[in-house]
Novice: 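Here it is: the structure, laid out below.
Please read all numbers here as calculations on a predicted model, not as lab measurements. First the proteins, then the strands, lettered A, B, ... as listed; each starts at 1.
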Amino acid sequence: MRPVRPAFVPDPDASREVMESLQREVAAAATWTDDFDFATESVGAVDRSLSAPDADPPLVAGVDQAFPEDRAVSVVVVTRGDTVVERAHAITDLAIPYVPGLLAFREGDPILAAFSELAADPDLVVFDGSGRIHYRQAGLATHIGVTLDLPSVGVAKGLLCGTPDEAVDGRPEGWRAPIRADADVENAKPGTAIGHAFQSRQYDSSRRINPLYVSPGHRVGVGTATDLVERLCDGYKLPEPTRRADAYADELKREHDGNARE
DNA sequence: GCGACAG
DNA sequence: ATCTTGTCGC
C-alpha cells in the first residue's frame, strides 16, 4: 500500500476538541491548487481518442461505504478509462456515530483499511462527501487525501456549509455556481470559493434533480475539481468511480446480510 | 431556545 | 447511511 501520513490518521477515540484541532492541521497541510501529472481531459469520457490519443488514462479510484448493522463495508474501485483495474474492501466495526462535520472520524479508519488492501496507486481519488466545503475546510475528501497525500475530490449530495452564489434549483445540465465561504467556515475570507454546486444531470421535463456539491480534497483547485467530476459523470448524476464503488459496496453488504440471517 | 447539519 | 414497492418517464 501507499505510505500513510500517521500524523493525520483520524482517531475515532479522540475528543471532539482533539478532532477539531486535527482538522485544522489537515486543512493547513492541504493544497488547493492543481498538483498532479495527468491531463484533466484524459479523465472520464468514453470517447477520449480525440483529446488524448497516446496518453494512458490515469487511475481514478472511487470510494464508498455501506453499513450493515454496526459495521462498515468500505470499498475502493480503481478504474483506468472504462476498465476496472482493481477492487479492494475492508469490513470493520464502527466506533463512533455520525456527527456532521466529523464524518472522517467515523469513516476514515475504515476507508484507510480498504486502501491497505489495495495494490494499485491511484492518480486521483473521488470521495462520497465534502472536501473543502467543511467548517474547518477539512472534510472527508480532504482528510483522507492529505493522509494518503493523493489528489482527491469530494462529491456530496447535500451542502454541509457555505453559501451558493445563486439559487440552485432547477438548473440545466452542466450548470455550476461557486459555493462561497461564510461565517461558518474557518480560516477562509468570507466570499472565498471553496467548491461548486454542479448540475451533473437534469431531466428535460417533469421531475427535477438536485445538484452535486463538489469541492477539492487535496492537490486540486476548486475549478479543476468540478471539471474532473464533470468529465467523470458522463450522463449520470454521480461520477462513474462513485457509481462503481456504490455497486460493489451494495454487493458486499448483501453478502454480509445474507450470512447474518442464518 | 431555534435552526442547520456530508454519510 | 438505513428501513422499502410501486411507479412515472424516456
Novice: Under 4.0 Å between a Lys/Arg side-chain N and an Asp/Glu carboxylate O for A/R219 and A/D123?
Specialist: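 The answer is no: the pair does not qualify as a salt bridge.
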Novice: Is any side-chain heavy atom of A/V63 closer than 4.5 Å to one of A/D128?
Specialist: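 No, every pair of side-chain atoms sits at 4.5 Å or beyond.
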Novice: Quick check on side-chain hydrogen bond (donor to acceptor under 3.5 Å, both in side chains): which of A/D165, A/D227, A/T226 does A/R176 satisfy it with?
Specialist: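 Of the listed options, the one satisfying the test is A/D227.
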Novice: Among the clusters formed by ILVMFWY side chains lying less than 4.5 Å apart, do A/V153 and A/V222 turn up in the same one?
Specialist: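 Shared cluster, no.
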Novice: Salt-bridge test for A/D169 and A/R208: reply yes if a basic N is under 4.0 Å from a carboxylate O, no otherwise.
Specialist: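 Looking at A/D169 and A/R208, the cut-off is not met.
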Novice: Would you check, one step at a time, whether the test side-chain contact (heavy atoms from CB on, under 4.5 Å) holds for A/R87 with A/V75?
Specialist: CA-CA 7 Å; A/R87 306 195 298 182; A/V75 315; over 6 Å; no
Novice: Could you run down the sub-3.5 Å N/O contacts of the protein with nucleotides 8-10 of chain C?
Specialist:
residue	atom	partner	partner atom	Å
C/dC10	OP1	A/S205	OG	3.2

Novice: Set out, line by line, the N/O atom pairs under 3.5 Å between protein and nucleotides 2-7 of chain B.
Specialist:
residue	atom	partner	partner atom	Å
B/dA6	OP2	A/Y98	OH	2.7
B/dA6	N7	A/G101	N	3.1
B/dA6	N6	A/G101	O	3.1
B/dA6	N6	A/L102	N	3.3
B/dA6	N6	A/L103	N	3.1
B/dA6	N6	A/H134	NE2	3.4
B/dA6	N1	A/L140	N	3.2
B/dA6	N3	A/S130	N	3.0
B/dG7	OP1	A/K157	N	2.8

Novice: Report the residue from A/K253, A/R243, A/H89 that forms a side-chain hydrogen bond (donor to acceptor under 3.5 Å, both in side chains) with A/Y248.
Specialist: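 Only one of A/K253, A/R243, A/H89 forms a side-chain hydrogen bond (donor to acceptor under 3.5 Å, both in side chains) with A/Y248, namely A/H89.
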Novice: Taking atom C1' of C/dC3 as reference, at what distance in whole Å does atom CG of A/D70 sit?
Specialist: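 Going from CG in A/D70 over to C1' in C/dC3 covers 16 Å.
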Novice: Of all the base pairs, Watson-Crick or G-U under 3.5 Å, which form stems of three or more consecutive pairs involving DNA chain B?
Specialist: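 Result, WC/G-U stems under 3.5 Å: none.
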Novice: Honestly curious: do A/L103 and A/L159 fall in one hydrophobic cluster under the side-chain, below-4.5 Å linking rule?
Specialist: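 Different hydrophobic clusters.
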Novice: Counting N and O atoms only, with roles assigned by atom type, does the side chain of A/Q199 sit under 3.5 Å from a partner on the main chain of A/I209, one being a donor and the other an acceptor?
Specialist: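 Indeed, once roles are kept as given, a pair shorter than 3.5 Å links the two residues.
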Novice: Run the numbers on A/I144 and A/V125 for side-chain contact (heavy atoms from CB on, under 4.5 Å), then give the verdict.
Specialist: CA-CA 9 Å; A/I144 306 305; A/V125 187; over 6 Å; no
